[in-house]
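Below, all heavy atoms of this structure are taken into account, side chains as well, without hydrogens, waters or symmetry copies. Ligands are counted one by one from 1 in listed order, and the atoms in each one are counted from 1 as well. Computed from a prediction, not measured in an experiment: that's the story for all the values here.
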Amino acid sequence: MPIWQDDGAVPVKSESPTVRIRRCEVVLFEPRETVEFQLQSLLSGGNGMVRSLGWMALAPHLDGPVPVSPRQRDLLGVLGPSQWVWADSIGMHGDEQAALVDAGLVLLEQSETDSTAAVHLANDQRLRDSHWHPLAAILHAFTRWDAVDAVKNTVDGGTDTAKGMREVLGPPPANTATRGEVEAIVLPHTEPTEFDALLLRRATCRNFDDSRVLPLPMFTRMLARVFGAQSQVRVGPDLVFHKKNSPSGGGLHPIEAYLVVQNVDGVRPGLYRYRADSHDLVPLPDPERPLRDFIMESVGQQHWFANAHCLVALVPRFDRTFWKYRRHAKGYRVVTLEAGHLSQTLYLSATDLGLGAFITGAINEKHLERGFGLDPIRQGALAVCGFGWRGQHMQTAELDPLEQVWQRVG
Ligand SMILES: Cc1cc2nc3c(=O)[nH]c(=O)nc-3n(C[C@H](O)[C@H](O)[C@H](O)COP(=O)(O)O)c2cc1C
């Protein structure tokens, strides 16, 4: 719903506001093209597609992009994010202020408790306190999905099979880049060890056996290995570093494990948060919908992951890493890289126990935030992993060309 109507009318000057204002901490303006089908265009000889350009304000403390008029964009360009000022000092009229305050782009110094303006002010303050790099905050906020069906999208696009991808997308860049300047130095191969054998058995599992229960010791061993703190180093009364089995930028280990336990001996199916220091599970309120629906929505409707005995959302507390790396150009990247390390530790730990494991980035983050009760400014979901017993039959394709996995299962 646009917060403006670009009818060319000169803004009406209304009563002078009695509260000072400032701009939200972070906002970026995007000239966005929207393409709409209009029958009229087709009937009058066009191709039916009507393109229009409009300005979008991208402010990460808000729930989505906000369409703004050129006038509003200009007003926001002369209103700073730190000093509180009177609206008329920048030529902003009362009704213009009201619309921008309602949208959350302009903040009121004082407002009624629980009013929309107060909520925007509080959200903006949490963003300031979290020390996000502005571009990272925008990237993170506006790449979150809600209610996306990733499977339907690939089927509709014809890219759900390797053959389909090649047909639709054309040839990919080569699997190994060649530069061809000088002759390569041939490297010797080494004798494989047990660890090499373990690595060869790692394969993304898309076939879980929901008829088998995962024993509690296997479940707890997985959590301790992947997410638990092996020891702690106390530097001061409120500064403690965990030592874990995966590396972490600044040693801060911001990523927490939020679990959907489905089929584990002795653990009631439901949502939990794993505590790394005390190695325990904190039960969370049940989701509003049945657990299976919650899982399907979490993994973008990828049914091949839905039978995993335990699913784990990798949830960073961004403000922990950004406490050290304040507005740092690499802060967000460091946290996302860490998710990859945790995933690999999870894959290898599961493989070692004879279990299957997966990771998916095709997740509905906003759904996970609601379900797990996360603060979307300080926290977020970067990926969902899972583990459990493999099924007896491969119904959904897995990549096991050396038959390291399926000749053991079948
Ligand atoms: C960050 C990341 C995201 C992934 N997302 C998905 C996904 O959404 N769906 C899926 O089926 N597999 C996903 N995978 C698994 C890859 O498809 C898989 O690793 C790849 O096909 C190679 O197979 P392998 O893991 O068995 O070696 C993901 C892997 C990574 C590392």
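- The side-chain heavy atoms of L107 and H120, taken from C-beta on, include a pair separated by under 4.5 Å.
- The proximity of F358 to ligand 1, defined as any non-hydrogen pair under 4.0 Å, does not occur for either the backbone or the side chain.
- Y332 has its ring centre no less than 6.0 Å from the ring centre of H133.
- Protein heavy atom nearest atom 27 (O) of ligand 1, with residue, atom name and distance: R202 NH2, 2.7 Å.
- Counting only heavy atoms of the protein, atom 3 (C) of ligand 1 lies nearest to G361 N, 3.6 Å.
- Closest approach of G48 and S41 over heavy atoms only: N-OG, 3.0 Å.
- For ligand 1, the atoms closer than 4.0 angstrom to any heavy atom of Q302 are 7 (C), 8 (O), 9 (N), 10 (C), 11 (O).
- Close approach of ligand 1 to A362 is summarised as follows: ligand atoms under 4.0 Å from at least one heavy atom of the residue are 8 (O).
- The protein non-hydrogen atom at the shortest distance from atom 22 (C) of ligand 1 is L399 CD2, 3.8 Å.
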Could you go step by step and tell me if W132 and F318 meet the ring-ring contact (aromatic ring centres under 6.0 Å, His included) rule? CA-CA 8 Å; W132 276 91; F318 290 110; 4.6 Å; yes
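- If you number the atoms of ligand 1 from 1 as listed, the ones under 4.0 Å from a heavy atom of A203 come out as 26 (O).
- Given atom 18 (C) of ligand 1, the protein heavy atom at minimum distance is T204 OG1, 3.5 Å.
- Of the listed options T154, V405, I359, I359 places a heavy atom closest to atom 31 (C) of ligand 1.
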Just list the side-chain donor-acceptor pairs under 3.5 Å for residues 255-267, sequence neighbours left out, or say none.
residue, atom, partner, partner atom, Å
E256, OE2, R273, NH1, 2.7
Q262, NE2, A306, O, 2.9
Q262, NE2, A308, O, 2.8
N263, ND2, D210, O, 3.1
N263, ND2, R212, O, 3.1

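- Between G270 and D286, the shortest heavy-atom contact is CA-OD1, 4.4 Å.
- In summary, D277 and R275 engage in a salt bridge, as defined by a charged side-chain N under 4.0 Å from a carboxylate O.
- Here Y274 pairs with H279 under the ring pair (Phe, Tyr, Trp, His ring centres under 6.0 Å) rule; sequence neighbours left out.
- The protein heavy atom nearest to atom 12 (N) of ligand 1 is R206 NH2, 3.2 Å.
- The protein heavy atom nearest to atom 8 (O) of ligand 1 is T360 OG1, 2.6 Å.
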